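Have a look at the structure below before the remarks.
Small disclaimer: the values here were computed from a predicted structure and weren't measured. The residues of the chain are indexed from 1 along the displayed sequence.
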Amino acid sequence: MARKLSTLVVFGAILFALLQHVSMAQQTHVVGDALAWTVPNGGATAYSAWAARKTFTAGDTLVFNFTTGLHSVAEVSKAAFDSCNISSPISISTNGPTNITLRSVGSHYYLCTFPSHCTLGQKLAINVSGSGSPAPQPAPARPSTPPTATPVTSPSASPSTAPAPSVAPATAPGPASVAQTYIVGDNMGWTVPSGPTSYQRWANGKSFKVGDTLVFNFVNGTHNVAMVSKASYDSCNTTSPINTISSGPARITLTNSGEHYYMCTFPRHCSLGQKLAINVTGTDATAPTPSTTAATPSSSTVPSTDSPATSPPAPSASAPSLVIAALPVTFLSFALLRLLN
């Protein structure tokens, strides 16, 4: 009996060590998380700040989420990364999403080869280690040619720190109905999203009231925000918008109740999901500001896309590595059962 107990202790120690090895299996990192792989509002610091919170190990996988035809991901040398030189990439993928397995230690550099995207901040530098110990992440160098449009630092999504709305409701609500400021898409900003229902998922669960303010964060020249009718929203018709704002960030104060419809009028952006429908409640304001006032669309039918949407499936993790790591545990378990019987 004592021999069986001692054997059981030895097997337990081995199993514990193997389970620890399984827990340290390779990781899958979604680049930018909710931001995905796009032109960020905060410039290159958006991706360097994301990388600084991560530990990259040989065998890990990077997932670059982007819409095919709007972005690409290329691995380049440090010199090409610093100067945003896209002429001779080490490798390039134009189909999104792109999975890249980190097969070597050291510094790795990635950027988008679309015009101006790298200089506007769509670039990522990481350092890959051969063990689980944290490795310092390289900070991206400033682009040699400054962007034509000044990147806008994404403001905090917290209503307490956001600027107060420019127009208040005509009928002042009680303390429980203080006007809110919403950053559309939060950290994602106003861009072509990784999924067609991303903005409706963001809007679901929020209560928009007269007096609230929407802030659309985008880089000038790459997007705009237009208020449109329900018919134009449903068909992505960009010919007759109610109002269009081309300078980011665009602040729109909600002065009317009812359904409101917004989209980007750049080619294909609306059809790829850069559109937002919300329902506003409360009493209409009597003195709207023309430049930022959101008008009520002609139709009051609640948009069909306003219902909760199913989130797109998460990127697949490195399951093969976990299965291989778990095989010794299975064999040891069978051996232990035979020994104890």
Atom [atom1] of [X] and atom [atom2] of [Y]: how far apart are they, to the nearest 0.5 Å?
{"X": "H260", "Y": "L214", "atom1": "NE2", "atom2": "CG", "answer": "9.0 Å"}
{"X": "I278", "Y": "Y182", "atom1": "CD1", "atom2": "OH", "answer": "9.0 Å"}
{"X": "H223", "Y": "F216", "atom1": "NE2", "atom2": "CZ", "answer": "13.0 Å"}

Under a plain distance cut-off of 3.5 Å, with no hydrogens placed, do [Y] and [X] share a side-chain donor-acceptor pair?
{"X": "N224", "Y": "T244", "answer": "no"}
{"X": "S48", "Y": "T45", "answer": "no"}
{"X": "S72", "Y": "T113", "answer": "yes"}
{"X": "T191", "Y": "T38", "answer": "yes"}
{"X": "S93", "Y": "T98", "answer": "yes"}

Could you check whether the SG atoms of C118 and C84 sit less than 2.5 Å apart, since that is the cutoff I want to apply? yes

When you measure from the SG of C270 to the SG of C236, is the result less than 2.5 Å? yes

How close do [X] and [Y] get, heavy atom to heavy atom, and via which atoms?
{"X": "V228", "Y": "M263", "answer": "CG1-CE, 3.6 Å"}
{"X": "I183", "Y": "W202", "answer": "O-CZ2, 3.3 Å"}
{"X": "G130", "Y": "T57", "answer": "C-CG2, 4.2 Å"}
{"X": "D60", "Y": "Q27", "answer": "OD1-N, 2.9 Å"}
{"X": "H117", "Y": "C112", "answer": "ND1-SG, 3.5 Å"}
{"X": "S194", "Y": "A36", "answer": "CB-CB, 4.4 Å"}

Answer yes if [X] and [Y] sit in the same cluster of Ile, Leu, Val, Met, Phe, Trp and Tyr residues linked by side chain heavy atoms under 4.5 Å apart, and no otherwise.
{"X": "I92", "Y": "V39", "result": "no"}
{"X": "I86", "Y": "F81", "result": "yes"}
{"X": "L111", "Y": "F114", "result": "no"}
{"X": "I242", "Y": "I252", "result": "yes"}

Side chain [X], main chain [Y], donor-acceptor under 3.5 Å:
{"X": "N187", "Y": "L35", "answer": "no"}
{"X": "Q180", "Y": "V178", "answer": "yes"}
{"X": "D212", "Y": "K209", "answer": "yes"}

Any chance the rings of W37 and Y47 have centres within less than 6.0 Å? yes

For S235 and N237, what are the C-alpha separation, side-chain angles and deciding distance, and is it a side chain to side chain donor-acceptor pair (under 3.5 Å)? CA-CA 5 Å; S235 61; N237 186 339; 4.7 Å; no

Once you measure the plane-to-plane angle for F66 and H71, does it fall in the parallel (<30°), tilted (30-60°) or perpendicular (>60°) bin? perpendicular

Which class fits the ring pair Y233 and Y261: parallel under 30°, tilted 30 to 60°, perpendicular over 60°? tilted

Does any part of the side chain of [Y], heavy atoms only, come nearer than 4.5 Å to the side chain of [X], both counted from C-beta?
{"X": "S198", "Y": "M188", "value": "yes"}
{"X": "V63", "Y": "H29", "value": "no"}
{"X": "D33", "Y": "K54", "value": "yes"}
{"X": "Y262", "Y": "V225", "value": "yes"}
{"X": "I100", "Y": "T61", "value": "no"}
{"X": "N41", "Y": "V219", "value": "yes"}
{"X": "T213", "Y": "L254", "value": "no"}
{"X": "L276", "Y": "Q200", "value": "yes"}

With ILVMFWY side chains joined below 4.5 Å, transitively, what does L272's cluster contain besides itself? L70, V192

Worked check of side chain to side chain contact (heavy atoms under 4.5 Å, CB included) between N220 and S247: CA-CA 6 Å; N220 295 342; S247 298; 4.2 Å; yes

The ring pair (Phe, Tyr, Trp, His ring centres under 6.0 Å) partners of Y110 (sequence neighbours excluded) come to F64

Determine, step by step, whether I126 and L102 satisfy the side chain to side chain contact (heavy atoms under 4.5 Å, CB included) criterion, reporting the C-alpha distance in whole Å, the side-chain angles of both residues, the deciding distance to 0.1 Å, and the verdict. CA-CA 10 Å; I126 65 171; L102 303 174; 4.0 Å; yes

Y199 ring centre to K275 NZ or CZ under 6.0 Å, with the angle to the axis within 45°? no

Audit row: Y109, E75, side chain to side chain contact (heavy atoms under 4.5 Å, CB included) steps and yes/no: CA-CA 6 Å; Y109 303 92; E75 183 168 4; 5.8 Å; no

W190 and V184: CA distance, side-chain angles, deciding distance, side chain to side chain contact (heavy atoms under 4.5 Å, CB included) verdict: CA-CA 7 Å; W190 182 241; V184 175; 3.9 Å; yes

